[in-house]
Each structure stands twice: as C-alpha cells, then as structure tokens.
Amino acid sequence: MRELAATLVRDALAAAIDAGDVVLADVPEVRVEHPRDPSHGDWATNVAMVSAKAAAMNPRQLAEAVATRMSGHPDVAAVEVAGPGFINIRLSANALQRVLTEVRLAGSGYGRIDEGGGRRVQVEFVSANPVGPMHVGHGRWAALGDSMARVLAHAGWLVEREFYINDQGVQMDTFAKSVAARYLELCGREVEFPEEGYRGAYITEIAREILQDEGEKWADAEPSGRESHFLERAYAQVLAHLEHVLHGMGVDFDVWFSERSLHVASSADGVTAVERTLARLKEAGHTYEHEGALWFRSTALGDDKDRVLKKADGSYTYFAADIAYHADKYDRGFDRVINIWGADHHGYVKRMEAAVAALGHEGKLTIVIGQLVNLFRAGEVVRMSKRTGEMVTFEDLLDEVGPDAARYFFLRRSTDQALDFDIVLAKEQSSDNPVYYVQYAHARICAILRKAAGADTADTSVDIAATATALVAGDAPLHLLASEPELALMRKLAAFPDVVEVAARQLAPNKLTRYAEELAASFHQFYTQCRVVDPDDTDLTAARLYAVDATRIALATVLGLVGVSAPERM
RNA sequence: GCCCUCGUAGCUCAGUGGAUAGAGCGCCUGCCUCCGGAGCAGGAAGUCACAGGUUCGAAUCCUGUCGAGGGCACCA
C-alpha cells in the first residue's frame, strides 16, 4: 500500500513536469507517511514542501499541480492539499478491498517483507549464569529476544537464537562449594557455609538429590574431588532447568554456547580459542604489555580506557573470552550479530564494540540494552538477589500469571524503558489485560465462523481453518464492503507490513503489541456495527466472512510474532 | 566526578522533524429480543521537567540545568 501511494504521487509529479507545470531537473524521492490524524486521509506526502525551493514555486501551488493529476485514478477516493503543502490521499474502497485478498493468499506469511534479503543474523539473549534460577529480568529479555528473532525472520532474515553459558569462573566454584556445604549439612556434618555462597533453597534441593542418588559417600571424600563432581551434576541440572523454563514460555534456542569451550585447546593446533583470538589482536597491533599484563588498546577505538586481556597472574579476563566468543560468531558467517544485555552491562558496550572493530567486523554488532524489571508484590518491592535466596524467580512469575500474559506484558513497553511489574496487579487485572482484549477478538471471529457453519458458537470440535476454507468464497462480492467500520478494518490490515518493517528495523517488538491492540479494536468496532451472518443477505454475508477471516489470519500472525497464543475459544 | 537510559493526562505508557500531542486503566453518561458485553459509543482530563539553540516546522535533533534509575574492576 505504501508503494502504491508513493507510485501514485511519483507518476503525478512526473506528469506535471512533462506538462511543464512544474520545472524540476529530476523527480525527487517521494516519501509517503500515515498522517497522524486519520481524518487527513490514508497517506500524506511532504514532497511539495521539500521540492518547492528547487522548483521555485509556492509549495501549495506545486502540491495542487500534483494533486490535480491524481484525482480520478481508480485507487484514489480523494486527494487534497492541506496546511503548508501536504498532499493528503484517501484510497478508494476498491484499493482497500484488494488487501483482503492479499491477506488470505499470504496466510500466516502476511506482512512478510524482504528487508533482510536472506542475510544471516544471530540473536544472543538471556545468557544467564547456570548457577541458579533466572530472575524476572531474564524473562523480559527472553521475550524480547525471541520476539525480535520472530520479527527479523518475518522481515527476510535467516535467524539463529543463541544462549551463551557463562560456565567458567569463580561463580561456578562458589556454586559448587554451596552445594557441597548443603550436602555435608544433610549428612549431619558441622560445616561453615561459604560467605559468598548461594543461599537459595534450590541449592539444598540439589544437594538432597545427590544424597538420595549417591548416598553419603562424598562426605569424607577429598574436597576438590567432591566439588568438581558436584559442580558437573548441579550445572547439568540447572542448565536443563533453564531450558525447560524457557521452553515453557515458547523460547527455544538453536545453539547453547559454552564459555568453557573457549578455554579448551583445539585438537588441530593445541591452542585455545582465547589464545588464538589474542594472537590475532596482537598481530594486528591492538595490544601492548604493561606491568606484566596484556592490554587491549580499546581507547583507539572509542572506549574510555584500555582493558586488560591477560592478567599479570597469567589468567584471562572475562573480556578476553568474550572477544574470542565474538570472533567465533563472525567466523560462523553471520552478517549481523545482535546481543541483548541487561542495563547493568551497558558499561561493557563500548569495549565490546571496540573489540569487534579490532576483529575487522565494524558495524556488524548491535547491542540492545534491555532495561531492568522492578518487581512488586502489592506495591512492595521484591528483591532480586541470587545470594539472599529470597526472590521471585522468572519461573514463579510464569506459574502465577501464565506465559501469554507474561510475554505480552514484557513486550508492551519499549526496550529502553524500565518496567514495573506488580504480580498481584497483573493477576487482579487479568480481565482488563490487553492480551485478553486481543485474544478475545480472535476467539470472537472463530465463534462467527462456527456460527456461519451452522455449528454451536462454542463447539470446540469445529476445525476453524477447515471451516474458513469451506465457507469463505474466493469470489465474494468485496465491493459491498464500503461502510466506515469496514474501510477502517481494511486500512488497519493494510498497515501490517509497515509495522513489521518498523519493528524489525528498530528492533522494537512493542510496535507489534500496539498494532495487535489497534487491529483488535478495529475489529470490535466493525463487529458492533456490522452483522456478519445474515441469512437474508447471502452476498453481504459472503463478503463480510471474507473480511472477518482475513482479520483472523492477521491477528494470528501478529500474535505469532509476539509469541502469544491465538485461542479459538476463551 | 564521568558514562548510559528515562522525565508526555490522576496512574501506566505510545508517539517515524510535520498539521488540533494519542491509547489503556481509573472517573462520569449511555448501548444486548440480535454472530461471545472479556465488547461498543460519548464525556472530563496536558506548561510534552526547565532554559537556550538548529529550521519553513521540534515532544522528537544539539547544548545546559534540575529530577529518577542503572553503570563506571588485572570481578564474572
């Protein structure tokens, strides 16, 4: 539709130039936009204002010259010049009706665009330490990353979802020591719990399972052997748990990448990925030695200060591993890499960008900073610390409010906006929750289709897709759809490809929830004013069923991109 | 001190340099003999934090001030 409107303007302007009414060396780029106020029409362009100077014309006169040549076109219902020189275009009912056919032909592929052009993009998100349950912020980033991946796929990208497992470092040791301490307690031993240890109840649970499976044989074992055994067991268990919880919200990763693997010598050359990457940076002249440590000269690439890669004691920093990890990503052939990080990591952005630039991949990294979630319960702040053990986990939240409501709430805010999530409120308001408003529109359409098929409106045995195929006539008289609520519904359906484009370009899934609510509202308004199933008017019924089913498809598609179910009955 | 994000209706928040700044919730008034009332229609409600600047035009871009949150390791 955008292209249609732009073409109409472009052709009219070219005709005006040919006729000598407008003197311009070449036809300028024509941009059309949705006017903010719908009473101004479907599309508007400022091309007359932009070109007025070059044409040495008053912008309104120029606009008139273009507008005159557009009126009368079968796709144009009205065109007018407004304000300082806007050209407002109202599309004809005929042009809008074509959208319905477009939707039904495309099915769940409606709104697909080719912005990505088949390029490969990796979205890395969540990437929690495998030492305990995820907090609510992880849930938000999971919803965000997964929905971004869905939108990018719809926009023509080949997408992979990746989870980076931080399974190396002191927090893993702390984790093992914590489990070991609980195990010894369960065995009745006197033991001092590690000062920095994790105190969550899940630690005791894991210890109890080990005790049940393997008995007390580890109580008198040598501590380092005990801890390394416990580490592997507990790690595997937590990882499986993370995967399970994420799957429960519909988030599945293609790759789980272990940080440890970066420190394992390759069988080919006996060198670790970290060492190989550091050698590469060294060769390119990005490093220097100072006070026994190896530094990355990141200030040369926009960072505030230089960063240590290899410490004076010979060990590598987390940053060094992260550079090796990113080198690996690009080695795997991604044209673009998107990382979703929590706001508490934003200080890390510049050095990572510097590192990616040093690797020769400047401009191929996008870091999205997801603001944190402040969790409340009845107005009272809930602390989120793994250490205290007193926290509402992401899993708890899913259990309480359900995956649909959780995902929808997480995505409704823009990414760079901190989110206050009150659990009690979310549950109390469930009937006013916008997710139900959208889902209800979908369920309502399904009820209409059941009704049209002669079934009970609540008959769950009816196959909606098959019913739609059987009932909706390809040659329905769509020209009958010309009332205001019908036109408004078709306009809203026509806007979907633009929404996908913006959501993909801005990496902003909140555009999708907004659109879903607008589309649902257009449908509810249509429903209130336009009776669909009318035995006395089979032509109108056929046309409206066609429109209703197109709406069903579009609603299911946008909800699919959000990652929320489209129920046939509620 | 430096860096990042934010400041828009009573509340929670949208807003792509464009026209009279929008939505939901809450509040007030109406609408089912009728395909699902988890719905629809209408009303009240604004110094876009503040001050400059850029330009035909700024909630939007730039600078500064004030306020809120987060971050500034040879930690991970």
Side-chain angles (χ1 to χ4, degrees), chain A residues 31 33-37 39-40 44 46 49-50 52-53 59 82-86 88 129 131 166-174 259 290-295 304-305 307-322 342-350 369-372 374 412-420 422 425 429-441 443-452 457-458 485 498 501-502 505-506 508 510-511 513-514 517-518 520-521 523-534 541 544-545 548 569-570:
Chain A
R31 282 182 49 212
E33 295 177 343
H34 289 292
R36 196 186 293 171
D37 183 344
S39 72
H40 292 140
N46 63 356
M49 282 131 79
V50 173
K53 206 169 183 181
F86 289 105
N88 292 335
N129 294 334
V131 296
N166 296 129
D167 53 5
Q168 173 100 13
V170 295
Q171 86 276 13
M172 293 298 281
D173 298 335
T174 306
E259 180 187 355
H290 177 66
E291 291 182 354
L294 181 69
W295 293 71
D304 302 328
K305 47 180 119 172
R307 308 290 172 176
V308 172
L309 298 170
K310 188 175 186 179
K311 297 182 241 176
D313 68 4
S315 62
Y316 297 102
T317 59
Y318 178 85
F319 183 45
D322 229 350
D344 53 341
H345 279 71
H346 88 258
Y348 210 77
V349 171
K350 276 185 186 170
I369 294 299
Q371 290 292 320
L372 302 166
N374 301 310
R412 212 160 166 254
R413 298 276 168 278
S414 64
T415 310
D416 44 17
Q417 190 85 24
L419 174 64
D420 288 345
D422 192 310
L425 213 63
Q429 287 186 337
S430 63
S431 65
D432 297 325
N433 192 322
V435 69
Y436 293 109
Y437 179 79
V438 177
Q439 289 180 320
Y440 179 61
R444 219 177 197 185
I445 290 172
C446 293
I448 295 172
L449 291 171
R450 287 187 207 102
K451 171 85 175 180
T457 53
D498 289 330
E501 207 241 316
V502 170
R505 213 182 52 230
Q506 299 182 6
N510 65 314
K511 308 281 181 193
T513 54
R514 176 156 295 272
E517 286 164 46
E518 289 169 1
F523 171 73
H524 286 309
Q525 286 155 22
F526 157 84
Y527 173 90
T528 306
Q529 297 174 67
C530 302
R531 171 108 198 155
V532 177
V533 181
D534 181 358
T541 297
R544 284 182 172 166
L545 276 176
V548 157
R569 186 164 163 269
M570 293 170 72

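Heavy atoms only: backbone and side chains are in, while hydrogens, waters and symmetry mates are out.
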Say we look at B:rG53 and B:rG17: how far apart would their C1' atoms be, to the nearest angstrom? 15 Å
B:rG46 versus B:rU20 - spacing of their C1' atoms, nearest Å: 13 Å
Only one of A:K511, A:E517, A:E518 clears side chain to side chain contact (heavy atoms under 4.5 Å, CB included) with A:R514; which? A:E518
A:T541 meets the side-chain contact (heavy atoms from CB on, under 4.5 Å) criterion, sequence neighbours left out, with A:D534, A:L545
Between the protein and nucleotides 6-8 of chain B, list the N/O to N/O atom pairs that are separated by less than 3.5 angstrom.
from	atom 1	to	atom 2	distance (Å)
B:rC6	OP1	A:D416	OD2	3.3

Can you tell me which stems involve RNA chain B, if a stem is defined as three or more consecutive Watson-Crick or G-U wobble pairs, both distances under 3.5 Å? B:1-7 with B:66-72, B:10-13 with B:22-25, B:27-31 with B:39-43, B:49-53 with B:61-65
Of all of residues 523-531 of chain A, which get a heavy atom below 4.0 angstrom from RNA chain B, listed by number? A:H524, A:Q525, A:Y527, A:T528, A:C530, A:R531
From B:rG18, B:rG36, B:rC40, nucleotide with atom closest to A:N46 side chain: B:rG18
Rounded C1' spacing from B:rG22 to B:rC66 in Å: 27 Å
The nucleotide from B:rG18, B:rC35, B:rA19 with an atom nearest the side chain of A:P35 is B:rA19
Roughly how far apart, to the nearest Å, are B:rC6 and B:rG15 at atom P? 11 Å
What distance, rounded to whole Å, do you find between the two C1' atoms, one in B:rG71 and one in B:rA9? 33 Å
5′-ward residue of the pair A:N88/A:A443 relative to RNA chain B: A:N88
Does the side-chain ring of A:F86 lie flat on the base of B:rA19, meaning centres under 5.5 Å and planes less than 30 degrees apart? yes
For each nucleotide in nucleotides 67-76 of chain B, reading 5' to 3', give B when a protein heavy atom comes within less than 4.0 Å of its base, S when such contact involves only the sugar-phosphate, and - otherwise. ---BSSSBSB
Reading RNA chain B from 5' onward, which residue's closest nucleotide shows up sooner: A:A82 or A:R444? A:A82
Sorted by chain and residue number, the side chain to side chain donor-acceptor pair (under 3.5 Å) partners of A:T528 (sequence neighbours excluded) come out as none
Rounded to whole angstrom, note down the P distance from B:rA58 over to B:rG39. 40 Å
